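Everything numeric here is computed off the predicted structure, so don't read it as measured data.
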Amino acid sequence: MSLRFVLYQRDYCHLCDLALAALAEARAPEFDSVWVDDSAELERRYGTRVPVLRDLRDGRELDWPFDAAAVRDFLDVKPRPAVL
């Protein structure tokens, strides 16, 4: 089973360390860590925005800055019913 959330981050990034602390404080579920430094495509997409938490199911993203309360809100969003 793959994980639902991904944290895009950089090596040696103090903001990423703060984001990890916020995720821990929010008791976020397990997530994958992806380093944007390893990919030119990810560097273009996330280079100035890291750290970014992405929900792989619906594509939502939580850009930095965020705190534990913002993470909890992000994780608790319920899907909207389809409009017919």
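Side-chain contact between V71 and L62: present, with at least one pair of heavy atoms (C-beta onward) separated by less than 4.5 Å. Residues V6 and S33 form no side-chain contact, since every pair of their non-hydrogen atoms from C-beta on lies 4.5 Å or further apart. Within the 4.5 Å cutoff, the side chain of Y8 has no heavy atoms near those of the L53 side chain. At a threshold of 4.5 Å between non-hydrogen side-chain atoms, the residues V52 and W64 do not count as touching.
In terms of heavy atoms, A26 sits closest to A68 at CB-O, 3.6 Å. In plain terms, the two heavy atoms of F66 and P51 that are nearest each other are CE2-O, 4.0 Å.
In this structure, V50 is not a member of the same hydrophobic cluster as F74, with clusters built from ILVMFWY side-chain heavy atoms closer than 4.5 Å. Note on W35: it does not cluster hydrophobically with L56, by side-chain heavy-atom contacts below 4.5 Å among ILVMFWY residues. V34 and L20 fall into different hydrophobic clusters, where Ile, Leu, Val, Met, Phe, Trp and Tyr side chains are chained together by heavy-atom contacts under 4.5 Å.
Rounding to the nearest 0.5 angstrom, the gap separating the CD atom in Q9 from the CG atom in L15 is 11.5 Å. The line from OG of S39 to CZ of R44 is 7.5 Å long, rounded to the nearest 0.5 Å. The CG atom of L75 lies 13.5 Å from the CZ atom of R27; values are rounded to the nearest 0.5 Å.
Pairs of residues two or more places apart, or lying in two chains, that qualify as side-chain hydrogen bond (donor to acceptor under 3.5 Å, both in side chains) and include a residue from residues 46-55 are R4-D55, Y46-E61, R49-E61, R49-D63, R54-E61, D55-R60.
Panel note: side chain D37, backbone D11; a donor-acceptor pair is recorded below 3.5 Å. For the pair R10 (side chain) and G47 (backbone), a donor-acceptor distance under 3.5 Å is present.
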